[in-house]
Protein chains: 2
Amino acid sequence: MEVTIGSKPQSEGSRKIKEHFSDKHATIKHCPVTDIIARISDKWSMHVIIFLGKAGKMRFSEMKKEIEGISQRMLTVTLRNLEEDGLITRTVYAEVPPRVEYQLTSMGESLLLQLIPLSEWANRNMEQILRSREEHILKG
Amino acid sequence: MEVTIGSKPQSEGSRKIKEHFSDKHATIKHCPVTDIIARISDKWSMHVIIFLGKAGKMRFSEMKKEIEGISQRMLTVTLRNLEEDGLITRTVYAEVPPRVEYQLTSMGESLLLQLIPLSEWANRNMEQILRSREEHILKG
DNA sequence: CAGGATCCCCCGGGATACTG
DNA sequence: CAGTATCCCGGGGGATCCTG
């Protein structure tokens with residue numbers, strides 16, 4: 001099984017960058033897979049990626065409406081993170097009232113494609129997992 | 001970055017995405033992918049799954065040594081969760097000193113298989129993501 | 001050896017109020 | 001409309017000590 005999970009070569013950078021990584025992106029120096037999971041696994045990133053993949057292009061308020069339960073703050077934070085990783089683009093139109101549109105980059109789209117097999121696996125195995133959980137509850 | 005309808009054909013990825021995440025995934029909270037991601041996305045589950053996949057069978061102390069940085073408590077908690085979901089088995093041998101061995105179930109193995117494409121994607125795109133982050137940091 | 005039980009800290013993330 | 005700026009709480013997870 002060729003799943004690499006371990007050390008990863010470090011890129012040279014300014015102290016500013018290292019400081020930044022040591023805080024916010026601490027997992028990055030350990031393993032790229034871990035980091036990817038870390039990125040898509042926070043409470044909202046995956047939702048944003050999937051909705052953007054479906055719609056192709058969306059405004060802030062649209063996403064706020066569509067993604068049920070997300071707060072304004074978390075939508076902003078999530079979008080900033082995804083943009084920082086180059087997974088989505090943010091386009092501001094100089095209009096009044098302001099209009100901002102988000103959409104997946106090609107890298108973002110390719111990430112979404114990797115989620116499809118996982119999605120299909122989840123659909124196939126969800127019932128068994130739920131049953132397994134129930135059994136353990138009844139035993140405990 | 002503009003999607004011109006007609007003149008330029010939709011990308012293969014975009015088409016697949018819209019097909020896959022069409023109606024049945026309309027409401028995210030009913031999407032089992034979310035649950036799966038939630039399970040493998042905690043700080044250690046994926047490490048455990050991958051190490052077990054590589055070794056086939058491991059004892060508690062072995063995993064504690066191999067998985068760098070994991071605490072005793074979190075290894076225990078993680079193993080319990082994975083067992084509860086039916087992704088790993090826990091076998092206790094009536095010996096002194098006690099011996100406990102863990103290994104992936106067939107479902108656990110099949111989940112690991114789904115992670116491989118994701119792993120490969122992560123390795124392919126890690127550098128670009130890092131560069132993107134650095135650029136954003138330098139911009140301020 | 002393989003954990004249980006506790007204590008405690010940090011931070012992800014919700015609620016709310018304000019702005020260009 | 002599309003965000004910032006604060007405040008605040010719950011729980012994920014580390015450190016430590018204890019046990020069959």
Side-chain angles (χ1 to χ4, degrees), chain A residues 19-28 30 34-35 37-48 51-52 55 57-85 88-103 136 140, chain B residues 28-29 34-35 37-48 51-52 55 57-84 88-103 136 140:
Chain A
E19 276 171 14
H20 184 84
F21 281 169
S22 65
D23 294 340
K24 187 175 173 185
H25 300 293
T27 55
I28 214 167
H30 297 312
T34 301
D35 190 66
I37 294 292
R39 165 58 67 232
I40 65 173
S41 71
D42 62 8
K43 198 171 178 184
W44 299 108
S45 288
M46 205 182 57
H47 299 247
V48 167
F51 272 100
L52 277 182
K57 183 186 289 187
M58 288 180 94
R59 305 181 55 166
F60 187 90
S61 53
E62 274 183 286
M63 307 188 68
K64 181 78 171 58
K65 265 195 323 184
E66 295 276 344
I67 305 177
E68 189 178 359
I70 195 169
S71 67
Q72 198 169 44
R73 191 183 101 89
M74 287 319 295
L75 180 54
T76 301
V77 169
T78 303
L79 289 169
R80 291 292 180 275
N81 286 336
L82 292 174
E83 189 196 2
E84 189 179 321
D85 282 6
I88 67 174
T89 58
R90 175 173 183 271
T91 310
V92 184
Y93 295 89
E95 300 174 356
V96 178
R99 179 164 59 100
V100 179
E101 285 183 345
Y102 295 89
Q103 84 184 293
H136 271 264
Chain B
I28 282 292
K29 64 177 178 182
T34 302
D35 294 80
I37 293 290
R39 167 56 69 229
I40 65 174
S41 71
D42 62 10
K43 198 172 178 182
W44 299 109
S45 289
M46 205 181 56
H47 297 251
V48 168
F51 272 100
L52 276 182
K57 185 184 288 187
M58 288 182 93
R59 304 181 56 166
F60 188 90
S61 52
E62 273 183 286
M63 307 187 66
K64 180 80 172 57
K65 266 195 321 183
E66 295 276 345
I67 305 177
E68 188 178 0
I70 195 170
S71 68
Q72 199 169 47
R73 192 183 101 89
M74 287 319 295
L75 180 53
T76 301
V77 169
T78 302
L79 289 169
R80 291 290 179 278
N81 286 336
L82 293 174
E83 189 196 1
E84 189 179 320
I88 67 174
T89 59
R90 177 175 182 270
T91 310
V92 184
Y93 296 88
E95 299 175 358
V96 178
R99 179 163 59 101
V100 179
E101 286 183 343
Y102 295 90
Q103 82 183 298
H136 273 265

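Just so you know, these numbers come straight off a predicted model, no measurement behind them. Residue numbers start from 1 in every chain, and the chains themselves are labelled A, B, ... in the order their sequence lines are given, proteins ahead of strands.
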Working to the nearest 0.5 Å, report the span between [atom1] of [X] and [atom2] of [Y].
X: A:Thr91; Y: A:Arg59; atom1: OG1; atom2: CZ; value: 12.5 Å
X: B:Met46; Y: B:Leu82; atom1: CE; atom2: CG; value: 12.0 Å
X: A:Leu52; Y: A:Ile67; atom1: CG; atom2: CD1; value: 7.5 Å
X: B:Phe51; Y: B:Met63; atom1: CZ; atom2: CE; value: 8.5 Å

Please give, in whole Å, the distance from [N] [atom2] to [X] [atom1]?
X: A:Lys65; N: D:dC1; atom1: NZ; atom2: C1'; value: 13 Å
X: A:Glu101; N: D:dC1; atom1: CD; atom2: P; value: 14 Å
X: A:Lys64; N: D:dG3; atom1: NZ; atom2: P; value: 13 Å

(request) Would you mind telling me which of B:Asn81, B:Leu75, B:Val77 makes a side chain to side chain contact (heavy atoms under 4.5 Å, CB included) with B:Leu79? (result) B:Leu75
(request) Run through A:Lys65, A:Gln72, A:Glu101 and flag the one making a side chain to side chain contact (heavy atoms under 4.5 Å, CB included) with A:Phe60. (result)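 Among the candidates, only A:Gln72 passes.
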(request) With heavy atoms under 4.0 Å as the rule, sort B:Tyr93 into base, sugar-phosphate or nothing. (result) nothing
(message) Taking only side-chain N and O atoms of A:Arg59, does any of them lie within less than 4.0 angstrom of OP1 or OP2 on D:dC1?
(response)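 No, A:Arg59 has no side-chain N/O under 4.0 Å of OP1/OP2 on D:dC1.
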(request) Using side chain to side chain donor-acceptor pair (under 3.5 Å) as the criterion, list what pairs up with B:Ser45, not counting sequence neighbours. (result)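 Result, side chain to side chain donor-acceptor pair (under 3.5 Å) vs B:Ser45: B:Asp42.
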(request) For B:Arg39, check side chain to side chain donor-acceptor pair (under 3.5 Å) against everything at least two apart and list the hits. (result) B:Asp85
(request) Walking along DNA chain C from 5' to 3', note the first and the last nucleotide with an atom under 4.0 Å from a heavy atom of chain B, and give both. (result) C:dC1 to C:dT6
(message) If you compare all heavy atoms of B:Lys57 against all heavy atoms of B:Glu62, which two are closest, and at what distance to 0.1 Å?
(response) O-OE1, 4.5 Å
(request) Report the end-to-end axis angle of the helix from C:dC1-D:dG20 to C:dG20-D:dC1; each axis comes from five terminal pairs, and the value is rounded to 10°. (result) 50°
(request) Please identify each residue that fulfils salt bridge (Lys or Arg N to Asp or Glu O under 4.0 Å) with A:Arg90, with sequence neighbours left out. (result)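 A:Arg90 satisfies salt bridge (Lys or Arg N to Asp or Glu O under 4.0 Å) with no residue once adjacent residues are dropped.
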(message) Run B:Glu83 and A:His136 through side chain to side chain contact (heavy atoms under 4.5 Å, CB included) and show every step you take.
(response) CA-CA 9 Å; B:Glu83 189 196 1; A:His136 271 264; 4.1 Å; yes
(message) Using a 4.0 Å heavy-atom cut-off to protein, can you give one letter per nucleotide of nucleotides 6-20 of chain D, 5' to 3': B if the base is in contact, S if only the sugar-phosphate is, - if neither?
(response) B------BBB-B--B
